[in-house]
Amino acid sequence: MVSFERLGAESLIDRIRGELVGKILSGELHPGDRLPPERDMAEQMGVSRSSLHQAVLQLETQGFLKIESRRGTVVADYRKHPTPQSLSALLGYGSIEIDEPLFRDMMDARIWLETGCARRACRNIYESTFEEMREIAERIETERDDLPGIVYRYHYLLTQASGNSIFSMMFRAFEPVITTLITRYYTMRDADIAAEARMHRELLGHIRAGDEDAAAECVERLLRLGMDALGRKYEK
């Protein structure tokens, strides 16, 4: 049976919504699962039924829950039937605890975005952007203070180098979850930092040469290295 944490008073509806969304995105709650009666959930969380009900209504609007007559509240299949608000909930989700299908979808979307940006960067990158990316690539193997932070900055600069502002906005919109995944990877014992550093330098070589195919292939190989390492937790 799913249990819920007691919550304090600040930003109560947002915190209730975050608690429920976390259980859905992590796979603890599955499409079709029926939630306990609102009075029981409210008691477990230590919140009022009215606050809980408002959070449930918001999650119905976002496509994560569905209120059905006689059945109560059930978990909706937000992948098959998303609403315009579904994505907004994912944008602010900064937890590594996501289920495997969502993790794969997110990584595929990132690969799609960054391979396209790498191709465009071969034509559009500014010298100042190239130099900042080069400086970051040279620091990856030796950085001790904020390795995830500088790696995130490198990939954000890649989206800027595409010359398409919407691509950069899309990348920044997913900053919480991308930053969380990057941090998780670079703090893993088996993270291949040396290989990551080489590929970050290699990508700049392809961009400098204007080789779009090689640049796109390098980005995909780079991202799949982290994707495969992070994906091993789902094999346990």
Side-chain angles (χ1 to χ4, degrees), residues 1-113 169-185 226-228 230-236:
M1 178 179 177
V2 176
S3 61
F4 298 92
E5 298 178 2
R6 292 183 67 85
L7 301 177
E10 59 183 55
S11 303
L12 198 53
I13 294 174
D14 288 342
R15 295 184 67 195
I16 296 169
R17 189 174 66 241
E19 170 83 356
L20 291 169
V21 166
K23 292 185 183 301
I24 293 169
L25 298 184
S26 69
E28 188 173 350
L29 287 170
H30 301 90
D33 284 353
R34 185 164 62 89
L35 297 185
E38 289 187 4
R39 63 177 178 276
D40 294 344
M41 285 196 294
E43 183 177 348
Q44 287 187 50
M45 292 181 180
V47 301
S48 68
R49 288 183 63 182
S50 61
S51 295
L52 176 65
H53 186 65
Q54 286 300 313
V56 168
L57 290 176
Q58 290 180 17
L59 289 175
E60 183 178 39
T61 301
Q62 291 178 331
F64 293 100
L65 296 176
K66 186 176 181 181
I67 301 174
E68 299 181 345
S69 59
R70 298 182 181 178
R71 286 197 69 198
T73 302
V74 298
V75 179
D77 193 338
Y78 68 92
R79 291 189 185 87
K80 290 184 178 179
H81 306 289
T83 72
Q85 292 79 26
S86 299
L87 185 59
S88 66
L90 295 177
L91 296 182
Y93 188 68
S95 173
I96 188 63
E97 300 306 324
I98 53 180
D99 65 12
E100 183 173 11
L102 181 58
F103 168 74
R104 302 291 178 190
D105 287 350
M106 284 184 169
M107 290 303 300
D108 283 346
R110 187 178 169 197
I111 289 170
W112 170 82
L113 176 62
M169 291 179 194
M170 290 169 64
F171 188 84
R172 284 298 295 272
F174 280 98
E175 181 175 354
V177 69
I178 291 175
T179 299
T180 299
L181 291 171
I182 288 175
T183 301
R184 175 64 179 268
Y185 172 69
M227 180 179 178
D228 291 344
L230 289 170
R232 291 189 194 111
K233 78 167 192 172
Y234 297 107
E235 299 171 4
K236 297 178 181 178

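Keep in mind the model is a prediction, meaning the values are calculated, not measured. Numbering starts at 1 and runs along the sequence shown. These values consider heavy atoms only, across backbone and side chains, with no hydrogens, waters or symmetry-generated copies.
Minimum heavy-atom separation, Ala76 to Gly63: CB-O, 3.4 Å. Heavy-atom minimum distance, Val177 versus Met106: CG2-SD, 3.7 Å. Heavy-atom minimum distance, Phe103 versus Leu230: CZ-CB, 3.6 Å. Between Ala55 and Ile16 the shortest heavy-atom distance is CB-CG2, 3.5 Å.
Taking the charged nitrogens against the carboxylate oxygens, Glu19 and Lys23 do have a contact shorter than 4.0 Å, which makes a salt bridge. Between Asp99 and Arg79 a salt bridge is recorded (basic side-chain N to carboxylate O distance below 4.0 Å).
Between the side chain of Glu60 and the main chain of Ile67, a donor-acceptor pair closer than 3.5 Å is present. A donor-acceptor pair under 3.5 Å is formed between the side chain of Thr83 and the backbone N or O of Gln62.
Annotation: the span from Gln54 atom CD to Leu12 atom CG amounts to 11.5 Å, rounded to 0.5 Å. Note that CG of Leu35 and OG1 of Thr73 are 5.5 Å apart. Values are rounded to the nearest 0.5 Å. Here CZ of Arg184 is found 15.0 Å from OG1 of Thr179. Values are rounded to the nearest 0.5 Å. Within the model, atoms CD1 of Ile178 and CG of Leu113 stand 7.5 Å from one another, a figure rounded to the nearest 0.5 Å. Glu38 CD to Met41 CE: the interatomic distance, rounded to the nearest 0.5 Å, is 5.5 Å. Taken from CD in Gln85 to CG in Leu59, the straight-line distance is 11.5 Å, to the nearest 0.5 Å.
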Quiz item: Going through the checks in order, is the side chain to side chain contact (heavy atoms under 4.5 Å, CB included) test met by Arg15 and Val47?
Solution: CA-CA 11 Å; Arg15 295 184 67 195; Val47 301; over 6 Å; no

Quiz item: After noting the C-alpha distance and the side-chain angles of Tyr78 and Val21, does the key distance pass the side chain to side chain contact (heavy atoms under 4.5 Å, CB included) rule?
Solution: CA-CA 11 Å; Tyr78 68 92; Val21 166; over 6 Å; no

Practice problem: Could you go through the side chain to side chain contact (heavy atoms under 4.5 Å, CB included) check for Tyr185 and Met227 one step at a time? | Solution: CA-CA 9 Å; Tyr185 172 69; Met227 180 179 178; over 6 Å; no

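For Arg104, the salt bridge (charged side-chain N to carboxylate O under 4.0 Å, His left out) test picks out Glu100, with sequence neighbours left out.
Two residues are said to be in side-chain contact when any heavy atoms from C-beta on lie closer than 4.5 Å; Val75 and Leu65 meet this criterion.
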